[in-house]
2 protein chains.
Amino acid sequence: MLDKKHIENFQAIVGAENVYSDKAHLIAYSYDATRTHFEPDAVVFPRNEEDVSAILRYCNANHIVITPRGAGSGFTGGALPAQGGITLGMEKHMNKILEIDMENMVAVVQPGVINMDLQRAVEALGLFYPPDPASEEYSTLGGNVSENAGGMRAAKYGITKDYVMALRAVRPNGDVIRAGKRTIKDVAGYNIAGILIASEGTLAVITEITLKLIPKPKFTKAYMGIFPSVTHAMNAVFKSLASGANPVAMEFMDDLVVRALKEKLGVQLPEDAGALLIGDVDGNVEEEVAFQLATLEKSFKENGAQEFIVAHDAEKRKELWFARRNASPSITIYGSKKLNEDISVPRSMLPEALERIYAIGKKYGFNVPCFGHAGDGNIHVNVMVDGSDAKQLHDGHQAIEEIFQLVVDMGGTLSGEHGIGTSKAPFMNIAFNEDELALFKDIKHAFDPNNILNPGKMGLPN
Amino acid sequence: MLDKKHIENFQAIVGAENVYSDKAHLIAYSYDATRTHFEPDAVVFPRNEEDVSAILRYCNANHIVITPRGAGSGFTGGALPAQGGITLGMEKHMNKILEIDMENMVAVVQPGVINMDLQRAVEALGLFYPPDPASEEYSTLGGNVSENAGGMRAAKYGITKDYVMALRAVRPNGDVIRAGKRTIKDVAGYNIAGILIASEGTLAVITEITLKLIPKPKFTKAYMGIFPSVTHAMNAVFKSLASGANPVAMEFMDDLVVRALKEKLGVQLPEDAGALLIGDVDGNVEEEVAFQLATLEKSFKENGAQEFIVAHDAEKRKELWFARRNASPSITIYGSKKLNEDISVPRSMLPEALERIYAIGKKYGFNVPCFGHAGDGNIHVNVMVDGSDAKQLHDGHQAIEEIFQLVVDMGGTLSGEHGIGTSKAPFMNIAFNEDELALFKDIKHAFDPNNILNPGKMGLPN
């Protein structure tokens, strides 16, 4: 519980209307997409960078812990106050697109701007902001930067970090830091923006983000490849990319997802479809789109595809994408609770990785439907359990731990795009050795010696 | 001077043949492209990562300073032992391409590999490593990562940091750190690779680099735009890019460079050519190349270009590029010594930035020929002075300082690609405020509490 004098001090900084300390609001701010909950002692809404600085300075002096929060849509608890203290709500006031600089193809935004709001604003001007996490309709760009959000278009266009040109951020001691420039090249000083990306709000509070934009490609078409098995599809992924294809997205659905789509949603797919790859290709000229489609078709067929379908109009494109967009809701037929993890391996390891993941599922008696961003090696693995069965939950978590171990053994990562937060913190020692964890701790200490910023995350010591 | 017992210890670690402490060798290792010199007390050549770790551990325990060195081709003194101690020569043994993984389009190299050796090796396999600093024929990839090297192809393909997927590095205490993965997405733990890039060997010694490769584009053509003035050309730069052109390179030469090319090298250019833009466009299909050329031509002509020339064969392409490749040697007609700096501003600021740079030159009575990577906002500014005239040298340095101040005022950076090292260290307080410099110091301390790694660089405190 936070002393009343602290609440009054926050009220003095941001105004009484920008501090919540009543139970109803504290409960409302205790959740994110993990469905775990941690209640803050207060929620404070800064109006600007000066407020952020004053709040942090006060918290630092008084050893009050503080957790920045955007939309609270994260999958690993990054925005949850694991140790109480105050939640810093960035979405209420610091949610403006400050500038779209068409001459330099740059957008400057506050952290509370919703990803899709920026996408729509820049597309109206013929520009393009590619990072498209599945949460794009509600997640904030501050959260996207803090977790280094990915998405479907990463195969061709990369992830959030590839678009961050500059950040403004406030250190726990209240210092305001400018990192990076509105220039493509900038090698003066340490790459502070680089270390803040994916730091999950544990090092500084981001107050302004400068993002690179690119021209919007003029032509886009969707494709679908239908394969007899997961292994065929997985081979087609890395072989088609290595053969020169550069699709915007290459999304994968396995046989369990295909079955769920048919059974639950009546999606029309061939009897013998064992796996799907769905995606878009784009280009400035129609011939580039045709080149991409031809390269994919050739490679898919060489790797056993039964069918290669191209959507030549918007209607058909929507139909092809329907399967992918409904993969997640469809698989509930396999269990009331999904333990879902977003592992990532080098693409050539996908065939073996999936085979071994299914074997782990089989050992415990679980269905493990998998889908996701195969084009960049990032797969969403879903261990389906009966959420009311304690034994199944326990075994499910065991299975997840085994999957993490095998992914790391294969040169992969605990998280392709969801982050570590609280959910994956127990697995950090699978992925990192003691020396690496010690370096993380030293970096945390350099930014935040009193450990007030989002403590209890990323497996950092308390 | 290093105590004899230390030399013997280094000999015990790497073998006597891998330690130089004789005067001739120390002098040979005291230079880089800055033409300043600092002599090391010894040069030690590690054979592998274990050697690096043992050397660093020993230096850390004995407070011996240590400077990593690749080819010594840097422009800002990054590889010079500003405070003596040992130079760690990475080019002798740790110079192997360890793997070219075609399936995942990734190369794994040791830091001493020469940039162009990697380019050639991957192009032979149909792949492409785009970062192409002017030093590509001799600079090492370890140096490229440490300085975050750029090059001409940055306009379309980005810079070194955009290709670093993973690093192995040794901390001053000897800890071996793995940072990043052979995956496009990886958000587990702090982005250690991100902070090591451009850290100029002050945080850790890089021992292995995993680089992203891309498919080699099938078609390339060169273009040249001839403009009546620098302002016309500079407007064409940002306007053509904002209109959707995405050239591989867009290189600029001003009127002084044009005159020097004609006078010194007899290059044939129109009488009234006031500025040139030269570059390549590429694509997977010829239509994409044609689209790029048409977009550039339209925009160049709208911005006053007298001529737009396309090289349809290799011979003509070489001819167009001759002007750019000889820009640097030609301008010696303006003075025996050039004080050259690689400033970078947001592209839309280029017209005004150049106008103001010329005004500074005029005030001091110097010619300031400018050329470089306009497509990414990075310009090489050359203040031409009589190197034997102390007054001119002094005034030249004054002019440089004024140029840095104006670039920073315009939202630009002290260095687009050369780094800070010793040369630009005095100007760090123009670009960064006290809070930012304090953060750099805290990060340095977190990695290197005894300040043994490349001290005296980047304006960090001693």
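Residue numbers start from 1 in every chain, and the chains themselves are labelled A, B, ... in the order their sequence lines are given, proteins ahead of strands.
Heavy atoms of B:A154 lying under 4.5 Å from chain A belong to its backbone as well as its side chain. No part of B:D342 comes within reach of chain A, as not one of its non-hydrogen atoms sits under 4.5 angstrom from that chain. Only the side chain of B:R171 comes within contact range of chain A, with at least one heavy atom under 4.5 Å from a heavy atom of that chain. Heavy-atom distances place no part of A:L213 under 4.5 Å from chain B, backbone and side chain included.
For the pair B:K181 (side chain) and A:S344 (backbone), a donor-acceptor distance under 3.5 Å is absent. Remark: the backbone N or O of B:R178 is paired with a side-chain donor or acceptor of A:E436 at under 3.5 angstrom.
By the ring pair (Phe, Tyr, Trp, His ring centres under 6.0 Å) test, B:F238 is found to be paired with no residue, residues two or more places apart in sequence or in another chain being considered. The side chain to side chain contact (heavy atoms under 4.5 Å, CB included) test applied to B:A188 returns A:T413, A:L414, A:I420, A:F432, B:D186, not counting sequence neighbours.
Interatomic distance, A:R182 CZ to B:M349 CE, rounded to the nearest 0.5 Å: 9.0 Å.
Of the listed residues A:V187, A:D442, A:N191, the one with more heavy-atom pairs under 4.5 angstrom with chain B than any other is A:V187. Highest contact tally toward chain B, considering only A:I195, A:I177, A:L439, A:I192, is held by A:L439 [criterion: heavy-atom pairs under 4.5 Å]. Interface summary for chain A: among B:I184, B:T76, B:D435, B:L196, the most heavy-atom pairs under 4.5 angstrom belong to B:D435.
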